[in-house]
Amino acid sequence: MTLMKHRIVVLGAGYAGAFAAGNLARRLSPADTEITVVNAAPDFVERMRLHQVAAGQDIARRKLTDVFAGTGVRLRLARVTGLDPERRTVAVTGEDGPGELSYDTLLYALGSSAAHHGVPGVAEYAFDVTGLGSALRLRERLDDLGEGGSVLVVGEGLTGIETATELAESRPGLSVALAARGEPGAWLSPRARRHLREAFDRLGVTVHERTAVAAVEPDRVTTADGTVLPAEVTVWSAGFAVHPIPAAAGLEVAATGQIAVDRSMRSVSHPDVYAAGDCAYAIGENGRPLPMSCASAGLTNMQATAAIIARLTGDEMPATGLKYVGNHISLGRRDAIFQMVGEDVRSKPWYLGGRTAARLKSGILKGAEWGIAHPTFGLPTRRRRAAPASDRAAVRAAA
C-alpha cells in the first residue's frame with residue numbers, strides 16, 4: 001500500500017517563502033510530506049538591497065535551484081495565476097504553459113508590489129524598486145541620464161528614504177529630490193530625525209515636505225496644489241499593494257487585500273491556507289496590524305511554519321512573538337539609522353546612527369543572505385513524522 005504524502009505548496013520564494021520552505025523541509029520527514037515551492041523568477045531576490053541595484057551596485061544573484069539543492073524541496077518556476085481553495089488547487093503558467101498544482105496545505109507568500117493609489121501616470125511613467133526587473137529597468141534609465149539629470153523619489157517611508165539617499169551617494173552627478181506627503185521620518189525620535197535631515201543635506205537630497213503627487217508625466221510630476229516638479233525619472237515608493245488573487249479566490253481579506261489570518265497565520269475562512277509576509281493581515285502583540293516589511297516576513301513565516309508542523313504532527317502549537325521592535329534605515333553605504341519603537345509603535349528616545357548603524361545593517365543583510373543560502377541550516381538526521389492520514393482528516397474536520 002502506497003502512503004499518500006501530505007502535499008505542502010509554498011507560493012513565493014522571497015524572504016518569507018524561502019525561509020518557510022527550508023524550515024518545513026528541516027523539521028518534517030520526507031517520508032510522508034512533500035514540499036513544493038512556486039516562484040516566477042529563477043533567482044532569489046534580496047528585496048532589501050534593490051535600491052542598491054538601482055543605484056548601479058552589483059549584488060550577487062543566487063539561483064533557487066542552488067538554494068534548495070539537497071533539501072528535498074521541489075521547485076516549480078511558474079507564475080501563479082489563480083487559486084481554488086475549495087478544490088485545493090493553484091493555477092500556474094510557466095515555460096511549459098498553463099498548469100495546475102494540488103495541495104493539502106498551502107502557504108501563500110507572494111509578497112507585494114508598488115501601490116499606485118490610482119495616481120495618473122504612475123503605471124506608465126514611474127519606476128520602482130519592489131522587484132529585480134523593475135530595479136534593473138530603473139538602473140538602465142539612470143545610466144542614460146546625463147550629468148545633472150533630475151530624479152524625484154516619491155514617498156517618505158523606509159523605501160523612499162533608502163532609495164533617495166542611495167541614488168544621491170552612488171550617482172552624485174544627478175539631482176535627487178524626495179517628495180513627501182508629510183515629513184520624512186516623522187515617526188523617528190527627535191535626534192534621529194535631525195540625523196536624517198543632516199544626511200539629506202550632506203548628500204544633496206532636496207526634500208519637498210507636505211507634497212502630494214497628483215500626476216506623473218514623462219519628465220515631471222504635478223502636485224495636488226498644482227506645483228510642477230521636474231523629474232526626468234520618477235521613482236514611486238509610496239507604499240505597497242498585494243495581488244488580488246486571494247480576494248478573487250474567495251478568501252477573507254482585509255481592506256488592504258491581505259489575507260485575514262488568526263494568531264497562527266491560518267486563513268480565518270479557509271483552514272488549509274496559511275499566509276506569511278506582506279500578504280498576511282496579521283495582528284501583532286500590540287493589537288495593530290504588522291507593517292509590510294522584511295521583519296514582519298520573518299515573524300509571520302516562523303509562526304506559520306510552526307503552526308503547520310504542529311498541525312501535521314499533532315503537537316501543541318508554539319506561539320512565535322509578533323512584536324515589531326524598530327526600523328533600520330540605510331542612508332547610503334556609510335550611514336544608517338536604527339530606531340527602536342515601543343509597544344505603541346512610538347519611537348523610543350534612543351537611536352543608533354552613523355557607521356556603526358550601517359555596519360549593523362550590513363550584518364543583518366549578510367545574516368539573511370546566509371540563511372537563504374542554507375534554508376534548512378543543515379538537514380538533521382532525525383525529522384518529525386506526520387500523524388496518520390486519518391488523524392489529519394480528523395484535525396481538518398474539527399477545524
Side-chain angles (χ1 to χ4, degrees), residues 10-26 37-41 43-51 62 64 67-68 73 80 106-115 129-132 157-159 162 239-243 245-246 254 256-267 273-286 288-308 319-330 341 345 361 363-377:
V10 180
L11 303 183
Y15 290 108
F19 278 120
N23 196 25
L24 290 168
R26 181 170 68 91
V37 174
V38 182
N39 200 66
D43 299 331
F44 175 77
V45 176
E46 289 190 81
R47 189 167 179 177
M48 291 190 290
R49 284 180 164 166
L50 288 180
H51 57 287
R62 192 175 298 279
L64 291 174
V67 168
F68 294 118
V73 174
V80 178
L106 180 73
L107 177 55
Y108 191 104
L110 287 179
S112 62
S113 57
V129 292
T130 59
L132 179 59
L158 304 183
T159 303
E162 291 194 329
F240 304 110
V242 298
H243 199 283
I245 285 177
T256 57
Q258 295 167 288
I259 298 173
V261 296
D262 61 17
R263 182 59 178 76
S264 70
M265 303 301 120
R266 193 180 192 182
S267 165
V273 177
Y274 293 77
D278 287 354
C279 57
Y281 189 78
I283 305 301
E285 293 178 6
N286 58 7
R288 305 184 185 193
L290 291 174
M292 294 187 187
S293 67
C294 183
S296 297
L299 299 175
T300 54
N301 98 71
M302 286 190 292
Q303 181 59 81
T305 53
I308 292 170
T320 300
L322 299 178
K323 186 176 181 180
Y324 195 81
V325 298
N327 301 129
H328 205 164
I329 313 168
S330 294
V341 301
V345 200
K361 178 66 176 286
I364 292 172
L365 292 172
K366 289 179 179 177
E369 182 183 7
W370 187 92
I372 291 298
H374 306 82
T376 61
F377 294 90

How about [X] and [Y]: do any of their side-chain heavy atoms sit closer than 4.5 Å?
X: Met48; Y: Ser293; answer: no
X: Leu158; Y: Asn327; answer: yes
X: Val341; Y: Val325; answer: no
X: His328; Y: Ile364; answer: yes
X: Arg47; Y: Val129; answer: no

Non-hydrogen atoms of [X] and [Y] that approach each other most closely:
X: Gly111; Y: Cys279; answer: O-CB, 4.1 Å
X: Val242; Y: Asp278; answer: CG1-O, 3.7 Å
X: Ala276; Y: Ala304; answer: CB-CB, 4.5 Å
X: Ser330; Y: Lys361; answer: OG-NZ, 3.1 Å
X: Gly321; Y: Leu299; answer: O-CD2, 3.3 Å
X: Asn39; Y: Ala13; answer: OD1-N, 2.8 Å

Can you tell me how far the [atom1] atom of [X] sits from the [atom2] atom of [Y], to the nearest 0.5 Å?
X: Asn23; Y: Met302; atom1: CG; atom2: CE; value: 9.0 Å
X: Thr159; Y: Ile329; atom1: OG1; atom2: CD1; value: 10.5 Å
X: Thr305; Y: Tyr274; atom1: OG1; atom2: OH; value: 11.0 Å
X: Leu107; Y: Ile308; atom1: CG; atom2: CD1; value: 5.0 Å

Mark yes when over 12 heavy atoms from residues, nucleotides or ligands other than Tyr281 sit less than 6.0 Å from its OH; otherwise mark no. no
Look at the side chain of [X] and the backbone N and O of [Y], then say whether any donor-acceptor pair between them is shorter than 3.5 Å.
X: Ser267; Y: Val261; value: no
X: Glu285; Y: Leu322; value: yes
X: Ser112; Y: Phe240; value: no
X: Gln258; Y: Ala280; value: yes
X: Asn301; Y: Gly298; value: yes

Taking NZ, NE, NH1 and NH2 as the nitrogens, is one of them in Arg62 or Glu369 under 4.0 Å from a carboxylate oxygen of the other? yes
Carboxylate-amine/guanidinium contact Glu162 Arg49, below 4.0 Å: no
Apply side-chain contact (heavy atoms from CB on, under 4.5 Å) to Val80 and Ile245, showing your working. CA-CA 9 Å; Val80 178; Ile245 285 177; 3.9 Å; yes
Going through the distances and angles, do Leu50 and Val45 end up as a side-chain contact (heavy atoms from CB on, under 4.5 Å)? CA-CA 8 Å; Leu50 288 180; Val45 176; 3.9 Å; yes
Please lay out, stage by stage, how Leu106 and Leu11 fare under the test side-chain contact (heavy atoms from CB on, under 4.5 Å). CA-CA 8 Å; Leu106 180 73; Leu11 303 183; 3.7 Å; yes
Does Arg266 qualify as a cation-pi partner of Tyr108, given the criterion of NZ or CZ under 6.0 Å from the six-membered ring centre and within 45 degrees of its axis? no
Go through the steps for Tyr15 and Glu46 under the test side-chain contact (heavy atoms from CB on, under 4.5 Å), then give the verdict. CA-CA 8 Å; Tyr15 290 108; Glu46 289 190 81; 3.7 Å; yes
